[in-house]
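Residue numbers start at 1 and run along the sequence shown.
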Amino acid sequence: MPLFSHRSSASSGSAGSAPLPSFYSAKPVKPSKPFSAFSSTRIPWPILVFSLLCLLIGLAGTLFALSAIRRNQPLPIFRCGTSEDTFRSFYSSSDSGKLGGDSNKGLVDRPKLLGFVGIQTGFESGERRSALRSTWFPSDPDGLLRLEQATGLGFRFVIGKSKDVKKMAMLEKEIEKYRDFMLIDVEEEYLKLPYKTLAFFKAAFKLFEADYYVKADDDIYLRPDRLATLLAKERSYSMTYIGCMKKGPVITDPKLKWYEKSGHLIGNEYFLHAYGPIYVLSAEVVASLAAARNDSLRMFNNEDVTIGSWMLAMNVHHEDNRAMCDPRCTPTSVAVWDIPRCSGLCNPASKLKELHKIGMCSKSPTLPPDDI
């Protein structure tokens, strides 16, 4: 039998039955409400709505930040004044250690080079640049960097600006793809080539510390390895002007191609100067040009004549090198172009590719300095 029994008979009021304990009640007990942990801390609905709004705003901000990080941002451009080097900006934002040699140092303001080569180009020369990138000129930033490390030469396409919005938009797309341009603040126009050339040398001197600065056109076939060998030669002259030197009659007829408006200042024959498609100036010469005021130097119609006149005034050493104007590929040719038929290669977009297929042009060995 159990010790306790909760059953009792209300009708059996026998005297012998024990009275109920005090904690029992004859009245029915109401069941208590279930306990709730939040019953005493209920949040007012205005605060709840405000909290939800804050949460939604925070989530929206996070999503926007993630999308901004993932979006392709325009890369910063390494600039000095109004001159811009799109190649170094690419590595400054992606892998600074590659160019600086030390990942802690990054890019230097004026990288030291044996030579800096500016390939002069224009807005109408897209096919030429494409042909160059498929031949001797690297087609990507890594290839351009490897060429610089192998030869000590930096290469960039040099271009000015245009008032044509479409041309500038197309150039921006090409820059975004290849990162191989130097942009200079001068109007891109054939009649202003002397001004562009001066702007190029000024910009190159500010952005690069090179022993030599090379002006080259985008319609020649170049051997960078042989150019580096040529520039690495020991020279006794600190102010040097290297190229295929020439003289010739001054053209004073406005109807002819090489008309010289200021021909009366020159005389009947031009002074000794280098052909325009490619020539080299030593660092000391370029330093003098960089320090000159733009309006202090005389500009002739023809760019090569203009440079030659400056060289006469500066008393530089003229170094004539015919390997820089070979009409065909040879074991010693540095630059190949169709002299004297064209001031560069005739039909350069196709001729560049044809030359590159010739083993003598693209695969013949580099010669020692004494052989160039």
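- M299 has its side chain within reach of Y195: a pair of non-hydrogen atoms, C-beta onward, lies under 4.5 Å apart.
- Under the 4.5 Å side-chain criterion, counting only non-hydrogen atoms from C-beta, T252 is in contact with V250.
- Smallest separation of non-hydrogen atoms from I339 and C325: CG2-O, 3.2 Å.
- Neither L297 nor I266 shares a network with the other; the hydrophobic side chains, linked directly or stepwise wherever heavy atoms of I, L, V, M, F, W or Y lie under 4.5 Å apart, form separate groups for each.
- In this structure, R223 contributes its side chain and S364 its backbone to a donor-acceptor pair below 3.5 Å.
- Screening residues 175-194 for ring-ring contact (aromatic ring centres under 6.0 Å, His included), with sequence neighbours left out, gives F157-F181.
- Dense packing is recorded around CZ of F300, with more than 12 heavy atoms of other residues, nucleotides or ligands lying under 6.0 Å away.
- T240 approaches S282 most closely through the heavy-atom pair N-OG, 2.9 Å.
- A salt bridge links D338 with K351; the closest basic N to acidic carboxylate O contact falls under 4.0 Å.
- Residue N268 places its CG atom among 12 or fewer non-hydrogen atoms of other residues, nucleotides or ligands, all under 6.0 Å distant.
- Listed here is the closest heavy atom pair of T121 and E188: O-OE2, 3.4 Å.
- Within the 4.5 Å cutoff, the side chain of P138 has no heavy atoms near those of the R146 side chain.
- Under the 4.5 Å side-chain contact rule for hydrophobic residues, L265 and L256 do not share a cluster.
- Taking the side chain as every heavy atom from C-beta outward, I175 and L171 approach each other to under 4.5 Å.
- Under a 4.0 Å N-O distance rule, the pair E174/R129 qualifies as a salt bridge.
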Could you give me the CA-CA distance, side-chain angles and deciding distance for R110 and K206, then say whether side chain to side chain contact (heavy atoms under 4.5 Å, CB included) is met? CA-CA 7 Å; R110 293 182 72 221; K206 290 179 181 178; 5.8 Å; no
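- Other residues, nucleotides and ligands contribute at most 12 non-hydrogen atoms within 6.0 Å of the CZ atom of R328.
- Between the T306 side chain and the N302 main chain, a donor and an acceptor come within less than 3.5 Å of each other.
- Y279 and Y241 have perpendicular rings, their planes meeting at more than 60° on a 0 to 90° scale where under 30° would count as parallel.
- In this model, no donor atom of one side chain and acceptor atom of the other lie less than 3.5 Å apart for R298 and S309.
- When the options E84, K196, K161 are evaluated for a side-chain contact (heavy atoms from CB on, under 4.5 Å) with I184, the one that passes is K196.
- Other residues, nucleotides and ligands contribute only 12 or fewer heavy atoms inside 6.0 Å of the OH atom of Y237.
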Report the C-alpha distance between E148 and L113 in whole Å, list the side-chain angles of each, state the deciding distance to 0.1 Å, and finish with yes or no for side chain to side chain contact (heavy atoms under 4.5 Å, CB included). CA-CA 8 Å; E148 180 177 314; L113 298 170; 3.6 Å; yes
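- Side-chain contact, Q120 with D218: no donor N or O sits under 3.5 Å from an acceptor N or O.
- Under a cut-off of 6.0 angstrom, the local environment of CD in E127 is sparse, with at most 12 non-hydrogen atoms contributed by other residues, nucleotides or ligands.
- Between the side chains of Y221 and H356, at least one donor N or O lies within less than 3.5 Å of an accepting N or O.
- D164 places a side-chain N or O within 3.5 Å of a backbone atom of K167 that can act as its donor or acceptor partner.
- The hydrophobic cluster containing I220 also contains I358, counting ILVMFWY residues as joined when their side-chain heavy atoms lie under 4.5 angstrom apart, directly or transitively.
- At least one side-chain heavy atom of I119 sits under 4.5 Å from a side-chain heavy atom of L132.
- Without hydrogens or angle criteria, R179 side chain to F87 main chain gives no donor-acceptor distance under 3.5 Å.
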Take L198 and V186 through the test side chain to side chain contact (heavy atoms under 4.5 Å, CB included) and record every step on the way to the result. CA-CA 10 Å; L198 179 59; V186 67; over 6 Å; no
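- Under the 4.5 Å side-chain heavy-atom criterion for grouping Ile, Leu, Val, Met, Phe, Trp and Tyr, L355 is connected to M324 within one hydrophobic cluster.
- Between F155 and D180 there is no side-chain heavy-atom pair separated by less than 4.5 Å.
- Ring geometry, F205 versus Y213: the interplanar angle falls from 30° to 60°, so the pair is classed tilted.
- Here the closest heavy-atom approach between residue W258 and residue I251 is recorded as O-CB, 3.3 Å.
- Using a distance-only test at 3.5 Å, with no hydrogens or angles considered, no donor-acceptor pair links the side chain of W337 to the main chain of D217.
- Few gaps surround CG on D320; more than 12 heavy atoms of other groups in view lie less than 6.0 Å from it.
- Here the shortest heavy-atom pairing between H318 and M245 reads CD2-SD, 4.0 Å.
- Looking at K202, its side chain does come within 3.5 Å of a backbone N or O of A290 through a donor-acceptor pair.
- The line from CG of D211 to OG of S238 is 12.0 Å long, rounded to the nearest 0.5 Å.
- No more than 12 heavy-atom neighbours from other residues, nucleotides or ligands sit within 6.0 angstrom of CE on M170.
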Test side chain to side chain contact (heavy atoms under 4.5 Å, CB included) applied to H273 and K246, step by step: CA-CA 6 Å; H273 63 283; K246 64 170 180 173; 3.1 Å; yes
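- Donor-acceptor pairing under 3.5 Å is lacking for the side chains of T151 and R226.
- Salt bridge present: R235 and E319 bring a charged side-chain N and a carboxylate O closer than 4.0 Å.
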Show the numbers, then the answer: is there a salt bridge (charged side-chain N to carboxylate O under 4.0 Å, His left out) between K255 and D253? CA-CA 5 Å; K255 297 179 181 179; D253 186 348; 6.0 Å; no
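- A distance-only check finds no donor-acceptor pair linking the side chain of S130 to the backbone of G126 [under 3.5 Å].
- With hydrogens and angles ignored, the 3.5 Å screen pairs no side-chain donor or acceptor of D326 with any backbone N or O of V336.
- The cluster map of Ile, Leu, Val, Met, Phe, Trp and Tyr, joined by side-chain heavy atoms under 4.5 Å apart, puts W136 and M360 in the same cluster.
- Across all non-hydrogen atoms, the minimal contact from L222 to V334 is CD1-O, 3.4 Å.
- A side-chain contact (heavy atoms from CB on, under 4.5 Å) with V280 is found for exactly one of V214, V285, N321, L230, namely V214.
- You'll find the side chain of P111 stays beyond 4.5 Å of the side chain of E209, heavy atoms only.
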